[in-house]
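The block underneath contains the structure these notes are about, expressed in structure tokens.
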Amino acid sequence: MLQLPRAEYVPPLVSLDEAYELCRQVTATYAKTFYLGTLLMPPAKRRAIWAIYVWCRRTDELVDGPQAATTTLATLDEWEARLEDIFSGRPHDAMDLALTATLEHYPLNIQPFRDMIAGQRMDLRRSRYETFAELELYCYRVAGTVGLMSLEVMGGDPYSDRLCAPWVDPYQAKGTLKDQAIALGIANQLTNILRDVGEDMRRGRIYLPLEDLAAFNYTEEDLQRGVIDDRWRALMRFQIQRARQFYREAEVGVAYLERDARWPVWSALMLYRQILDVIEANDYDVFNRRAFVSDWRKLLFIPVSWLKASF
Ligand SMILES: CC(C)=CCC/C(C)=C/CC/C(C)=C/CC/C(C)=C/[C@@H]1[C@@H](COP(=O)(O)OP(=O)(O)O)[C@]1(C)CC/C=C(\C)CC/C=C(\C)CCC=C(C)C
Ligand SMILES: Nc1ncnc2c1ncn2[C@@H]1O[C@H](COP(=O)(O)OP(=O)(O)OP(=O)(O)O)[C@@H](O)[C@H]1O
Ligand SMILES: [Mn+2]
């Protein structure tokens with residue numbers, strides 16, 4: 001009987017250098033601050049972070065980008081199968097290839113990658129969160145996972161004297177380095193949610209826990225109309241305070257990262273956290289104005305975070 005030939009696996013026809021170069025370009029375009037930070041890392045680490053960044057960005061774009069309307073749960077299943085292929089040495093395209101190659105230097109755990117896809121599934125399935133516990137799970141999945149992935153590249157050891165400043169007692173610090181890496185992801189995601197309240201509402205999505213809305217006597221209709229009054233300000237103050245707690249937890253960890261990774265993480269942390277200050281300065285108007293940190297401020301803070309990372 002005639003056998004149809006089995007579809008052969010065809011590896012992407014690009015060199016590794018070209019693959020990493022592509023990832024570099026994507027990172028430089030989408031995330032100026034992260035990118036600048038990675039330039040201070042040794043080449044192997046830097047390329048690894050670019051490859052991870054690109055995979056995360058593509059995963060996010062599936063539900064958040066221009067092609068989002070055509071993304072279904074089946075699309076995400078396919079994306080997960082493709083992830084398994086990347087981890088078993090069968091990359092589908094140049095950008096996958098960069099991640100497969102990265103795994104040879106850094107044997108990353110696949111679980112945070114799977115968890116991030118699970119986070120995108122949550123975005124397809126629901127547009128409301130009842131409790132903070134539910135939102136926190138979502139934030140872990142879409143952003144805490146980034147912390148875990150990066151940590152395996154950036155390294156660090158909370159109990160190593162090499163990294164420990166004499167005035168810091170690592171045994172006093174709450175949680176592990178992993179907890180702190182996750183905390184930074186969650187802090188960033190909560191900040192992102194507060195910045196984008198208006199935009200998300202226009203897409204029919206509410207990430208603020210409904211239990212918090214109720215506690216401050218603020219309704220979904222108020223949110224739809226963009227009502228800024230004392231109830232809203234109190235609700236936002238509460239949310240900002242909660243995000244800052246996560247930043248505080250993360251801050252402890254930065255000092256225990258490998259030296260060459262501290263500066264990029266500090267700048268990312270400091271710059272992203274400032275979005276919260278801008279929201280306050282805008283009197284909590286996240287409906288009509290977008291809170292952003294200006295380029296000159298970013299430039300100003302880069303030497304500041306360099307100093308903080310060095311001492
Ligand atoms: C050096 C460094 C900071 C490395 C991390 C670089 C990296 C791999 C980033 C991936 C980011 C990404 C594309 C995630 C997909 C999901 C997503 C979009 C999350 C949001 C990021 C902000 O993006 P942006 O403002 O551009 O959002 P828009 O799509 O435009 O709305 C997030 C808010 C989360 C990003 C989370 C992190 C960067 C976690 C960082 C944590 C660490 C690096 C751990 C550090 C370790 C310790 C111990 C503190
Ligand atoms: N000054 C700005 N005005 C309007 N939108 C902005 C401004 N800065 C950033 N954005 C938008 O917000 C998104 C996320 O902003 P973010 O603060 O992450 O800045 P970025 O330019 O992506 O640099 P980085 O991620 O390195 O900080 C950007 O992708 C961009 O679309
Ligand atoms: Mn960005």
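Please read all numbers here as calculations on a predicted model, not as lab measurements. Position 1 is the first residue of the sequence; numbering continues from there. Both counts, for ligands and for their atoms, begin at 1 and track the order of listing.
Remark: distances from the non-hydrogen atoms of Ala250 to ligand 1 include one below 4.0 Å. By the 4.0 Å heavy-atom criterion, Tyr256 is excluded from the residues contacting ligand 1.
Ion pairing of Arg203 with Asp64 is present here, as a side-chain N (NZ or NE/NH1/NH2) and a carboxylate O approach within less than 4.0 Å. Comment: Asp230 does not engage Arg237 in a salt bridge, judged by the lack of any side-chain N to carboxylate O separation of less than 4.0 angstrom. A salt bridge between Asp283 and Arg233 is present, with a side-chain N of the basic residue lying under 4.0 Å from a carboxylate O of the acidic one. The pair Asp123-Arg141 fails the salt-bridge criterion, with no side-chain N (NZ, NE, NH1 or NH2) lying under 4.0 Å from an Asp/Glu carboxylate O. Ion pairing between a basic and an acidic side chain is recognised when a charged N comes within 4.0 Å of a carboxylate O; Asp277 and Arg244 show such pairing. Ionic pairing of Glu251 and Arg248 is not present here: no N-O contact between side-chain nitrogen and carboxylate oxygen is shorter than 4.0 angstrom.
Of the heavy atoms in Tyr53, both backbone and side-chain atoms come closer than 4.0 Å to ligand 1. When heavy-atom distances to ligand 1 are checked against a 4.0 Å cut-off, Tyr30 has no atom that comes that close, whether in backbone or side chain. With a 4.0 Å heavy-atom cut-off, ligand 1 is reached by the backbone of Cys56 and by its side chain too.
Ligand 1 has no N or O atom lying under 3.5 Å from any N or O atom of Asp64, backbone or side chain. Not one N or O of Thr38 is nearer than 3.5 Å to an N or O of ligand 1, by distance alone.
Distances below 4.0 Å separate heavy atoms of Phe34 from the following atoms of ligand 1: 3 (C), 9 (C), 38 (C). Within the listing of ligand 1, atoms 22 (C), 23 (O), 24 (P), 25 (O), 33 (C) sit less than 4.0 angstrom from a heavy atom of Tyr272. Proximity to Val142 (heavy-atom distance under 4.0 Å) selects the following atoms of ligand 1: 16 (C). Counting the atoms of ligand 1 from 1 in the order shown, those under 4.0 Å from a heavy atom of Val265 are 45 (C). For ligand 1 and Ser150, the ligand atoms under 4.0 Å from any heavy atom of the residue are 5 (C), 43 (C).
Using modelled atom types, one side-chain atom of Thr100 and one backbone atom of Ile86 make a donor-acceptor pair closer than 3.5 Å. Side chain of Arg205 to main chain of Asp200: no donor-acceptor pair is present (N/O by atom type, distance under 3.5 Å, no hydrogens or angles).
Nearest to atom 20 (C) of ligand 1 by heavy-atom distance, out of Met149, Arg195, Gln189, Lys32, is Gln189. Which of Lys178, Gln180, Arg58, Arg57 comes nearest to atom 26 (O) of ligand 1 through a heavy atom is settled by distance: it is Arg57. Around atom 34 (C) of ligand 1, the closest heavy atom drawn from Gly144, Ala143, Ala187 belongs to Ala143.
For Phe287, the ring-ring contact (aromatic ring centres under 6.0 Å, His included) criterion is met by Trp232, not counting sequence neighbours. Residues forming a ring-ring contact (aromatic ring centres under 6.0 Å, His included) with Tyr140 (at least two apart in sequence, or on another chain): none.
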